[in-house]
Structure formats: C-alpha cells, structure tokens
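Just below is one structure, and these are the notes that go with it.
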Protein chains: 2
Amino acid sequence: MPKTPLQLIQRCHSTPTVSCSQCRLASICLPISLHVEDVDRVDSIIQRGRPLQKGDYLYHAQDKFHAVYAVRSGTVKTIASTNDGKEQVTGFYLPGEILGLDGVATNVHTNSAIALETSAVCEIPFDKLDELGAHIPNLHRHMFRLMGREIGTEQQLITLLSKSNADERVATLLLSISSRNGRRNLSVTSFRLPMSRADLGNYLGLTVETVSRTLSRFQKQGLIEADKKEITITNLDALRKLADISLFDCA
Amino acid sequence: MPKTPLQLIQRCHSTPTVSCSQCRLASICLPISLHVEDVDRVDSIIQRGRPLQKGDYLYHAQDKFHAVYAVRSGTVKTIASTNDGKEQVTGFYLPGEILGLDGVATNVHTNSAIALETSAVCEIPFDKLDELGAHIPNLHRHMFRLMGREIGTEQQLITLLSKSNADERVATLLLSISSRNGRRNLSVTSFRLPMSRADLGNYLGLTVETVSRTLSRFQKQGLIEADKKEITITNLDALRKLADISLFDCA
DNA sequence: CTACTCTCTTGACCCACATCAAAGCCGGCG
DNA sequence: CGCCGGCTTTGATGTGGGTCAAGAGAGTAG
C-alpha cells in the first residue's frame, strides 16, 4: 500500500486548495508517513471549529480537556494564570501547529487559549484519536512525538528565560516566528508579528518598553526593519549570531 | 479481575521492602489502576540499571533515545547545553519520578542526565512500553499523562522564571522539593537538598550568590533553618505566601 | 598534621532592565 | 470632523540581582 509523503499534504496545507477542505492531521503533525486510508480515518474524526475572532477564547483554564486543536489560519496564544493574578503567555501557535496538550495530564486545561487575530481552528477529539491508535500503529508514537516536541520547545524557552538577555530573547523570537512561517533560509525575509508588544514581552519575560526599545535598536543597527507588526529581517546572520538558542527549531 | 490500588504499591515503593525487588511502573507513574497481571507485564520489561555514583551520566545529549528512566533512590538532574556552551538545568528528578522524555520527539536525547548523589535508576525501554500499550488499553493514556505532567511542570517553571523575583523562586523550589519528599502538609518539616547551590541557581535562573543570600535571609527571617544541604521549614505559611506559583503540585 | 580544592557565604559595586511618565499614532465612533 | 481609548515609542530614574572579590568551612590527599 503506498505511503502518503508528508510533503504533498503539507504543500496542500500551506497553500490551501479546495480539495483540502478538511484539516489533515498528517499535515499538521510531525513528518511521518501514514497509509492513505489511515490519513482518511484520522481526518474523519476532525471537526472544523467555528471561526475565531480576535480575542475569542478557544478554551478556558479549568475547562474539561477533551480535544487538541490544530491551527489552520491565524494565530492563537495560550496563557497560564498564577494564584495571584499574574498571567504568563506560554505559547504562540501558528498555522499547522497543535495546541491544547496541557490538560492531558489532569483532564483539565491549565491554560486558556485566545485568538490573536481572526483564526480557523480544527478540533481533534483526544479520546477518539487515542482509540484510532489501536488500529493505526504509528499514530500513538506520532502523538508521543507531538508531546515530546512541546516538551522540547518549552525547555528551550526555559533556557532562554533563564540565561539570555533582552537582545537574545527578542532575536530568538523573531527567528522563530520567521522560520515557522516557512521563511527559513531566505537572507531577506518579511513577515507579520501577529501578537502585541505586550504579549511578546509577557512571553519573553520582558516589559513592553524593553521589547519596543530592543526592536527600535535592532532597526537602528540595520538588523531589521519594523513597521508596527510588519517585520523585515535585513541582516539574518547578525540576528542569528545574537540568538544562540534556537527556539522551535528542534524537529 | 481485581484492580491493584496504587496506594499499595506506592507505599511499597517509598519504603522499599525485599518483596519490592523491581521497580513497579505502576508505582512510579500517575495514579491510575492497572490489572494485576498488567502490572506484572509492565514490570517484566523494566531493567534495573547499574547504580550511579555522584557525577555519573545516565545518558548524554545526542545519545540515541531508547528508554525512559525511573528514579528509585537518589537524585538525578537533567541539563541542556546551548550552542555557545551555556548549560541549563532543566529538571531535578527524585525517587519515584520519570526522566528521559526529552528525545521522544526526535529519537535523540536533547538533555544529559547526571546523578547528584549515589542513585539507583530503572530503565524502561520506550518501544517495548509502547508495544505493551497495544495489550493494556490504559497504558498509552498513562504515558500521555506522564508527558502531560512534564509539560505542566515546565510551564510552571517558565512562569516562575518569567514573572518572579529571587525570593519567590527559591521559596517555590523549597516547597516543591519538600512536598515531593512526601512532607506535604507538615507545618515543620526538614529534608535534604541534594543539589548544590550552583545547580539550584542554574535551574532557577539565579547566580550562586543570590541563592545563598536568599537562603541566609530566609533563615534570618525565621522561615527556614539551613545547615548546608539540610533544610528545615519552620514557617510554612510564610513560605507559601512568598511562593504564589506552585511547582510540581499539578497532578 | 598541613596543604589543597571545592563549595558556600558575605560584602561592595554596577548595570540591564523595570518602573514611572509623557507624548505620538491610529482606528473607531458619535 | 474631533474626541477617545488602546497600543507603541521614547526618555528619565531607580533597583534587584549580577559581577567581582575575599574569606570561611569542609573534605581529601599526602
């Protein structure tokens, strides 16, 4: 039975076509191959969620956990709240990425997920996915990889927060967003930062002011051009030299 | 078929007896019940590793991933190295805890694991565990919980690193180690910090000096008594008030 | 016993980033 | 149009914790 190379589906996903009417799990997750009929089986349990507007909650902390979510378009952030009311942005999720894996441990979401802009999200019931795994041998391993990747990403963020200064943090995040947009190795590349300076700062453990200042300085130094949320990386090598820790580049 | 309540095995684990000659997975992981024969099946794939001396590596970063490890006695730390040679302590693992889940995503460990003192560790081949899951329905879900817990723990550390000052960080860690030692709600409790001040600081994103100063001040304020690595919490409530973020208390 | 090393503690100083403050920019709406 | 509220930028000032330096213990080897 022929395998479905990921490349194909992924291309379909990054430039959506009519035929790609449903999210395809295989295209969202890590690069392994599934049998064609398995891809279909997996896809059949995926629900297309209603579109999210900016500020809409996908789920709240304390909600019962029943599904993970794949971002089709737009951007979603996850935040965790501490006892004393502080909020920590724990992740940004771009198209093709999976969120909602918090909650697997306790069956309750520990984060809230909020759309940063108009977004489309697919819902993947976790129990059904788990059941399907009994018939599709690779699927469980696949899900483990998914969670393992989340662990890896978080460890890199921990290192970043623990060991880096403001320049390194901001540079790292710019490179991360850029490469997750598929602009991995272009020497000059521009993209949109979908989140506010406040969200950026919160995620990176910095204040709004520091983020803003750092971006301004990067611009003066000719590393980037920044117009509000539109960013152009003009000196990739210099930016890379700043960001010794590569966030999200693991897999 | 009767279920094996976790309580029983766990008690066996925390005060090892002759009959508990092998680590029992069920006793190490999250509180779910397995059928008795399933517990045996799972245990049958577990290898008892050779004892580790202080400073010994359990595995190195870049090693091929083939197993996760359960700490039976002693303490193990995991560290991640950045491109430019900095090292980040990503976790401390006490008896009954599982490490090695980094590497699930890429089949290569991204951390190194090092014994902080003489330690005994069991090796659980991941592939075999995964295979067993086909016969033991709960097992896969169990492993998901395990990884989900790791994700939760890391998110709490991220919040701690991003939002807290030195006092909060140190207080949080003390409470975490204390409760993981089983001294959860005793108003006066003492325990041993198995890691050096340097490791503590590295983990918490602080310098050795700051850790030392903070502990000294806690002592002056009557929150704790500290004699080198021996710690006694003398004012639990005050310490709790400092540490708004509860590390490792999720599950 | 001394000498050496490693870890921990304490003090003095300094700097990166937080905080406080103010002004610019932009979109929405009456 | 002009007003208002949110987001961003920039400047001025303050401070928590990093850095540097010097001892103090404690363990180990000789």
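The sequence lines fix the lettering, A, B, ..., with proteins before strands; numbering per chain opens at 1. None of the values given here were measured: they were computed from a predicted structure.
Note: CZ (A/Arg169) to C1' (C/dA18) measures 12 Å, nearest angstrom. Distance NZ (B/Lys229) to C1' (C/dC6): 11 Å, rounded to an integer number of Å. Per the geometry, CG belonging to B/Asp227 stands 18 Å off P belonging to C/dT7, to the nearest Å. If you measure from atom CG of B/Asn165 to atom C1' of C/dA18, you get 13 Å, rounded to the nearest angstrom. For the pair B/Ile231 CD1 and C/dC8 C1', the interatomic distance rounds to 12 Å; values are reported in whole Å. Distance CG (B/Leu193) to P (C/dC8): 10 Å, rounded to an integer number of Å. When rounded to the nearest whole Å, the span between NZ of A/Lys163 and C1' of C/dA16 equals 17 Å.
Here A/Gly201 lies out of heavy-atom contact (under 4.0 Å) with every strand. Looking at heavy-atom distances under 4.0 Å, B/Leu206 makes contact with sugar-phosphate atoms alone, never a base. Among the heavy atoms of the strands lying under 4.0 Å from A/Ser216 are primed sugar atoms or P, OP1, OP2 only; no base atom is included.
Between the side chain of B/Arg197 and the base of C/dT10, no donor-acceptor pair under 3.5 Å is found.
Here the side chain of B/Ser196 is nearest to one of C/dC17, C/dC8, C/dT10, namely C/dC8. Nearest to the side-chain atoms of B/Ser212 among the listed nucleotides C/dC17, C/dC26, C/dT10 stands C/dT10.
In terms of modelled atom types and a separation under 3.5 Å, the side chain of A/Thr232 and the main chain of A/Thr234 share no donor-acceptor contact. Side-chain atoms of B/Ser164 do not come within 3.5 Å of backbone N or O of B/Arg169 as any donor-acceptor pair.
Here the options are B/Asn111, B/Thr78, B/Thr90, the test is side-chain contact (heavy atoms from CB on, under 4.5 Å), and the partner is B/Leu99; only B/Thr78 passes.
When side chains are defined from C-beta on, B/Leu175 counts as touching B/Leu236, because their heavy atoms get closer than 4.5 Å. Annotation: side chain of B/Glu150 is not in contact with side chain of B/Asp102 (no heavy-atom distance under 4.5 Å). Using a 4.5 Å heavy-atom threshold, the side chains of A/Leu206 and A/Leu200 count as separate.
Dense packing is recorded around NZ of A/Lys229, with more than 12 heavy atoms of other residues, nucleotides or ligands lying under 6.0 Å away. At most 12 non-hydrogen atoms from other residues, nucleotides or ligands lie less than 6.0 angstrom from CD of B/Gln62. No more than 12 heavy-atom neighbours from other residues, nucleotides or ligands sit within 6.0 angstrom of NZ on B/Lys241.
With the nearest nucleotide of DNA chain D identified for both B/Arg217 and B/Glu209, B/Arg217 has the one nearer the 5' end. In terms of position along DNA chain C, the nucleotide closest to A/Asp167 lies nearer the 5' end than the nucleotide closest to the other residue of the pair A/Lys228 and A/Asp167.
Between B/Tyr59 and B/Tyr69, the distance separating the two ring centers is shorter than 6.0 angstrom.
Fit an axis to the five pairs at each end of the helix from C/dC1-D/dG30 to C/dG30-D/dC1 and the two axes sit 30° apart, to the nearest 10 degrees.
Chain A approaches DNA chain D within less than 4.0 angstrom (heavy atoms of the protein), and the contacting nucleotides run 5' to 3' from D/dT8 to D/dA12.
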